[in-house]
Amino acid sequence: MGILDNLNDMQKKAAAKVDGPVLILAGAGSGKTRTVTYRIAHMVLEKGISPYKILAVTFTNKAAKEMKERVEAIIGEDAGKILVSTFHSFGVRLLRMYGSQLGYEPNFNIYDTDDQKKLISDIMKRIGINDKNLKPATILGNISKLKEDGIGPEEIETKFYMQNIKDVQAVYKKYNSALIKNNAMDFSDILVNTNKLLDIPEIRERIQERYHYVMVDEYQDTNNIQYKIVNKIASKYRNLCVVGDEDQSIYGFRGANIENILNFEKDYPDAYVVKLEQNYRSTENILKAANNMIKLNESSKGKNLWTEKNGGDLINMYEARHARDESNYVVDEIYKLLKKGKTYKDITILYRTNAQSRIFEETFIRTGIPYKVFGGMQFYQRKEIKDVIAYLNLINNPKDGLSLSRVINIPKRKIGAKTIEKLQIFAEENDISVFEAISKMDEVGVPSSAKLGLQHFYNTISGIIEESECLSVSEIYDRVLKDTGYIKYLEIEDDKADVRIENIEELKNSIYEMEKEEESLTLSEYLEKTSLVAATDDLDEGDNYVKLMTIHNSKGLEFPVVFIVGMEDEMFPSSRAEFDPKELEEERRLCYVAITRAEEKLYFCYATERDIYGRTSYMRQKSRFIDEIPSHLIEMKNAVIERVEKVENKMAKPAEKIENFNPLKAKVEDNNSPYSRGEKVSHKKFGLGIVRAVEDGQRIVIEFREGLKKFPLMAADKFITKL
DNA sequence: TATATCGTTGTTTTT
DNA sequence: CAACGATATA
């Protein structure tokens, strides 16, 4: 009786094959984590492999933590010797040790997306790019892509199709050198530089010798640079085990390359391939829905998930008149579920975009349902938190000019944009940090009104830096608040002071928590953790509340009851994916992920009206994905008419109406019409619009920014152009 | 330099 | 609806 007898036949095969390249194609809910943890346990306990030799890479900290705990439950404290880490944490770890070879100091800071955008917009201003069509976010997207494809600013060739290539190139160059000057890395740098380190023969060999066995989870979501990193480390001993599911590849937009998993057998012709198809999570009906949908994807290699949980409830579908009604319906259903013995923590609401959480939050607050939103405007992105973190960043790494410029005038010290610019220019010309430039403010020639504030700022920060060596993170944190008077500043200047101060308290608690777990937590480590947290890292299955999150954030999780809301065309699939077959496939995979999160009960909801940008969008259609599921698996709950009456009676704010227009009676499609529903058009006066209906072949209804408009079809061509 | 007010514009998805 | 930027004014 060995450890692996706890697994089913296929899982056992996957876990027993320890040497050489292994590809585990693990369908949703097929016991992937179980297989991998038993595989590791088998390696250590039965194969005599040193746990130090094992590296397991996961996608989130939560997954890493869970894997470590589950291995520990089988093999005991030896589990602590295995390195289970995310790509980014692994990279940072390496870069703290060897980053000096690339010109970084070990206390480098990590910039998140907001920091990156700020830096880029500063650079754009400085070099005088004020093209309205060229937003920092766009340039950032280009830069990240180039970086991760290994293309430096010098190497951009005209063959790359990219608008404003010259501007991108100029910003890219400055951006990179600014990061280095600031002793900072962005998310891409962490991966790119890790890869660079592995190109240094001594380091590569050291790592290869350290980790004879490499495992990668969620391999379908690795990007090109992660692919390089993994394959470099594993190239010597070739003990590479990758686990994934091509049908769950949903991060294409950030560079994930589904080809990595599809081509594994080409990369390693001797790969041992195992498919895990028995699903332990969901009922038969839920799985059938998922299977039927995903088989429409060309990217799908084809697999057939099966389960012993025969039958099960049908998928419950509800058409709401308005998004408000949708959330009310969900609340009604939650109450029913509670009566049937479910608790709040069994229930999760999934949606395509973060903005959708809002209406549910309002409804849950009104009805007293406990809930928690994961992701979205994250804790660490809030203004007050970013301010305090910026102070800590600056103390950790005084070269960080970006963090400096964020807080130099917060609280107000009479230091304006002009003064900061002068300091920046001086710093650049003399090749020193901005912080150092402050100490030479007489040479810089700052306005005399700013001098006192600058001096004060400088003294405060350098005072804390001097002492920081012998202070804990929470002590440094206290010093920052006290010495800068930040709380007082909020009380005086900020009308949301109470909430912000509460958040700052919460930040302090989180520091305490971390220090409890790790006594010798350094400032640098703390900051690293805060920049690499994922939305669901702090999800605790024990807490009793309804969970709300995007489908992306739900990957790897499972819940007894799942509501997938906003199942409307233009929302899901996203309007941006409509015309691109590849993106549509990714949306479909996303839907597949959503469906396969559910264990027992699955709901689809959509609304025919919904407020978007403060305006109502009418006649929204149910998602095409719903039609891809066999109708006998779906139970339609309410006919729209019946519901409309009910809702109109209780709606506080009736939906806007245009004269003589009844959305319910309007003919939605007309095959003889030159226009079709959902088509995007442009109008001379009203701008962009979407065709909502063609009435009796006579009139066309178009939704514009300022609402619905009707035109006689005959005259439409004069004003309207198809896009 | 700091604030007030108006107008524009946008929304996928995230480590 | 917000968040952000540009412009005006103290």
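Only heavy atoms go into these numbers, but all of them, side chains included; no hydrogens, no water, no symmetry mates. Chain letters run A, B, ... following the sequence lines, proteins first, then strands; residues in each count from 1.
- Counting any heavy atom pair closer than 4.0 Å across all strands shown, A:I190 reaches no nucleic acid atom.
- Side chain of A:R406 to main chain of A:L402: no donor-acceptor pair is present (N/O by atom type, distance under 3.5 Å, no hydrogens or angles).
- Here the two rings, on A:F625 and A:F572, have centers that are under 6.0 Å apart.
- Taking the ring-ring contact (aromatic ring centres under 6.0 Å, His included) definition, one finds that A:Y486 meets it with A:Y489, sequence neighbours left out.
- The side chain of A:T113 places no N or O atom within less than 4.0 Å of a non-bridging phosphate oxygen (OP1 or OP2) of B:dT14.
- Separating the OH atom of A:Y351 from the C1' atom of B:dT14 is a distance of 14 Å, rounded to the nearest angstrom.
- Residue contacts for A:F59: at a heavy-atom cut-off of 4.0 Å it reaches the sugar-phosphate backbone alone, with no base atom in range.
- Salt-bridge formation is detected for the pair A:R610/A:E568: a Lys NZ or Arg NE/NH1/NH2 atom is positioned less than 4.0 Å from an Asp or Glu carboxylate oxygen.
- Per the geometry, CD belonging to A:E570 stands 17 Å off P belonging to B:dG10, to the nearest Å.
- The aromatic rings of A:H88 and A:F187 stand perpendicular to each other, their planes meeting at an angle above 60°, with 30° marking the opposite boundary.
- Nucleic acid contact for A:T419: sugar-phosphate only, since backbone atoms but no base atoms lie under 4.0 Å from a heavy atom of the residue.
- Distances were taken from every side-chain heavy atom of A:T550 (C-beta onward) to each of B:dT15, B:dT14, B:dA2; the shortest belongs to B:dT14.
- Between A:R589 atom CZ and B:dT13 atom P there is a gap of 18 Å when expressed in whole angstrom units.
- Comparing the P positions of B:dT13 and C:dC4 gives a spacing of 15 Å, expressed to the nearest Å.
- The pair A:R324-A:E362 fails the salt-bridge criterion, with no side-chain N (NZ, NE, NH1 or NH2) lying under 4.0 Å from an Asp/Glu carboxylate O.
- At a threshold of 4.0 angstrom between heavy atoms, the contacts of A:Y251 are confined to the sugar-phosphate backbone, with no base atom among them.
- In this structure, CG of A:L140 is placed 15 Å from P of B:dT14, rounded to the nearest angstrom.
- In this structure, the CD atom of A:Q356 is 11 Å from the C1' atom of B:dT13, given to the nearest Å.
- A straight line from NZ of A:K582 to C1' of B:dT13 spans 18 Å, rounded to a whole angstrom.
- Remark on DNA chain B: of its neighbouring residues A:H552 and A:A450, the 5'-side contact belongs to A:A450, judged by nearest-heavy-atom nucleotide.
- Distances shown here put every side-chain N or O of A:N553 at or beyond 4.0 Å from the OP1 or OP2 atom of B:dT13.
- Between A:K65 atom NZ and B:dT15 atom P the separation is 17 Å, expressed in whole Å.
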Tabulated below should be each protein N or O lying under 3.5 Å from an N or O of nucleotides 3-8 of chain B; please produce it.
{"unit_1": "B:dT3", "atom_1": "OP2", "unit_2": "A:K412", "atom_2": "NZ", "d": "3.2"}

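- Using a 4.0 Å heavy-atom distance criterion, A:R358 is classed as a sugar-phosphate-only contact.
- Distance NZ (A:K118) to P (C:dG5): 10 Å, rounded to an integer number of Å.
- Between A:E586 and A:R589, at least one side-chain nitrogen of the basic residue sits less than 4.0 Å from a carboxylate oxygen of the acidic one, meeting the salt-bridge criterion.
- Residue contacts for A:N223: at a heavy-atom cut-off of 4.0 Å it reaches no nucleic acid atom on any strand shown.
- By the 4.0 Å N-to-carboxylate-O rule, A:K118 lies too far from A:D114 to be salt-bridged with it.
- As judged by a 4.0 angstrom heavy-atom cut-off over every strand, A:T353 is placed among residues touching the sugar-phosphate backbone only.
- As judged by a 4.0 angstrom heavy-atom cut-off over every strand, A:E583 is placed among the base-contacting residues.
- Residue side chain A:F253 meets the stacking definition with respect to B:dT13: its ring centre sits within less than 5.5 angstrom of the base's six-membered ring centre, and the planes differ by less than 30 degrees.
- Applying the 4.0 Å criterion to OP1 and OP2 of B:dT15, one finds that A:N61 has every side-chain N and O outside that range.
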